[in-house]
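Start at 1 and go down the list; that is how both ligands and their atoms are numbered. Here the structure is a predicted model, which means the values were calculated and not measured.
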Amino acid sequence: MKVLSAAAAFLLASTVSAQTLKSAAASKGKYVGTITDPAYINGSDRTYNTIALNEFNYVSAENSMKWDAIEPSNGGFSWNNADTVVNWAQQNNMKIRGHTLVWHSQLPSWVANGSWSKSTLTTVIQNHVRTVMTRYKGKIAQWDVVNEIFDESGGARSSVFSRVFGGLDEFVTIAFNAARAADPSAILCINDYNLDYSGGKATGMVNLVKRLKANGVPIDCIGSQAHLMVGQVSSSFSSTLSSLCSAAGKCAITELDIRAKTPISSSGLSQQQTDYTTAVRACVNLSNCLGVTVWGITDSRSWIPQVFSGEGAALPWDGSYNKKPAYSGIIAGFGGSSGTTQQQTTTRQQTSTTRQQTTTTNGNTGGNCSARWGQCGGQGWSGPTCCSQGTCTFSNGRRQTFASIVVEMTF
Ligand code: G3I
């Protein structure tokens, strides 16, 4: 009897340890992705590479395929870093999300500050999209064709593209048509953040995609970045993802991380585990959600502490590459084993609502600007309302509804 128990325990332990993020994802017909770049692939930190290969089956280049990296001067393409990522992924049987073709951030100054007419900027967009996608034709499964084009209320973010074309429709159409022509087999996505709850931005995305698709623009998928905060994953995360999926026909979670104030507490780690499960499960529950990309592996290499002072700890491995509860949270989201009981989940959701109330009531803390490349705005936002340069333009003043709380936010 004792022998049998030991054997059973061993079998169970082997089964558990054999499960990886990618095996859990595959069991639900999904992929699970991470990010890399040449510094991770060729650098001295071999652990990052090992985990990327063992646990993930999709990859995005964190920075190497952005416009400033790949076409720093007009017609002057720089392929080394992007080639390194593509070759590494191919050699290791990983599929690739191409990130990203048309984005206002990490945009070289020759584009951002050029003096363009519609016609000349059309040529620039078409040339960039065609050249990049043609080089990697058949090698990149999905492309973020346009990225972060909305402001927080769902209108057009101010950028060189929206200014020259007088809105979103025209340049988005140009970019997607060029993308389809360059690689008809690639899944073409429109990608943004703060699509994690119902509200103006998600509605703006759904409306634009429906309108353009009705006009024949080849948009295949909406990417929801999902840069989330511990304890504040909205109760409408799942339904909002579903509406994005329906509008485009397909969707994906493209940049998942769930940040906390640092150092993260043990209850924070536990809440983060639940939040990861919630986010991943939302994709699993949708037949047309393609998969989930986690925006990094280890907390020590995350973009977050650089941008959000005092925050981080957003990823499944800590800074010393120990698996956090978040790891099990992802496995559980993909239907693997999880120790989280319904009762614990309910308690956590209540805590989350309390936290949300505190944060939302405290609201906007005033006119401090975040670091370059920051993101700001969105549900529960209590951080900077502007940033020196880059992604962040705080522009929403909107009515927020969350659980029983209704707070008017004006900025
Ligand atoms: O290119 C310069 C280099 O010349 C300089 O020597 C170096 C010194 O710091 O900085 C380099 O720029 C860095 C850039 O990445 C390219 O490597 C910036 O400092 C760094 O802040 C920047 O951060 C990236 C950020 O995008 C820029 O917007 C992060 O690594 C990357 O994780 C992050 O990813 C974005 C997604 O693309 C879009 N959605 C939001 C997400 C998080 O911001």
Side-chain angles (χ1 to χ4, degrees), residues 33-43 45 48 52 58-73 78 80-82 84-85 96-112 132 140 142-152 157 159 189-196 201 205 222-229 252-259 279 292-309 311-315 369-378 381 383-384 386-394:
T34 188
I35 51 175
T36 197
D37 258 337
Y40 302 144
I41 294 169
N42 298 322
D45 179 359
Y48 189 100
Y58 244 80
V59 71
S60 304
E62 184 173 18
N63 288 298
S64 299
M65 292 185 189
K66 292 170 179 175
W67 198 318
D68 65 348
I70 225 163
E71 193 187 3
S73 61
S78 174
N80 283 352
N81 287 345
T84 298
V85 173
I96 306 170
R97 293 198 81 258
H99 177 78
T100 175
L101 292 163
V102 177
W103 187 25
H104 69 279
S105 186
Q106 288 176 285
L107 187 62
S109 65
W110 71 266
V111 184
V132 176
I140 294 192
Q142 297 178 36
W143 271 104
D144 289 331
V145 177
V146 300
N147 192 42
E148 300 177 2
I149 62 170
F150 292 100
D151 68 18
E152 293 305 309
R157 173 195 289 279
S159 71
C189 304
I190 177 169
N191 194 47
D192 216 319
Y193 63 93
N194 286 344
L195 302 176
D196 318 309
K201 197 169 187 178
M205 172 67 90
I222 294 176
S224 176
Q225 293 183 6
H227 293 295
L228 305 173
M229 289 180 266
I253 294 179
T254 54
E255 303 183 13
L256 178 61
D257 50 28
I258 310 184
R259 66 183 183 269
V292 178
T293 297
V294 184
W295 203 247
I297 289 175
T298 165
D299 290 337
S300 62
R301 292 184 174 274
S302 163
W303 64 286
I304 289 170
Q306 272 190 304
V307 171
F308 298 108
S309 177
E311 294 183 51
L315 292 168
C369 280
S370 81
R372 191 178 181 190
W373 312 122
Q375 289 188 343
C376 62
W381 180 254
C386 56
C387 76
S388 48
Q389 187 179 346
T391 310
C392 161
T393 306
F394 193 85

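- Comment: D45 engages R301 in a salt bridge, judged by a side-chain N to carboxylate O separation of less than 4.0 angstrom.
- Taking distance alone, with nitrogen or oxygen atoms compared against 3.5 Å, H99 approaches ligand 1 more closely than that limit.
- Ligand 1 lies nowhere less than 4.0 angstrom from a heavy atom belonging to Y193.
- When atom types are taken as modelled, the side chain of W143 and the backbone of L101 share no donor-acceptor pair closer than 3.5 angstrom.
- For ligand 1, none of its N or O atoms has an N or O atom of W303 under 3.5 Å away.
- For W103, no nitrogen or oxygen atom sits less than 3.5 Å from a nitrogen or oxygen atom of ligand 1, counting backbone and side chain alike.
- Near E148, with a cut-off below 4.0 Å to any heavy atom, the atoms of ligand 1 are 38 (C), 39 (N), 40 (C).
- Of the options I70, I35, D37, T36, a side-chain contact (heavy atoms from CB on, under 4.5 Å) to S64 is made by D37 and by none of the others.
- Listed by atom number, the atoms of ligand 1 under 4.0 Å from Q106 heavy atoms are 14 (C), 15 (O), 16 (C), 25 (C), 26 (O), 27 (C), 28 (O).
- Under the 30°/60° scheme for interplanar angles, the aromatic rings of Y40 and Y48 are found to lie parallel.
- A centroid separation of less than 6.0 Å is found between the aromatic rings of H227 and W303.
- For ligand 1, the atoms sitting less than 4.0 Å from at least one non-hydrogen atom of E62 are 29 (C), 30 (O), 31 (C), 32 (O), numbered in the order shown with element in parentheses.
- Close approach of ligand 1 to Q225 is summarised as follows: ligand atoms under 4.0 Å from at least one heavy atom of the residue are 39 (N), 40 (C).
- With a 6.0 Å cutoff to the six-membered ring centre and a 45° limit on the axis angle, R97 does not count as a cation-pi contact of Y58.
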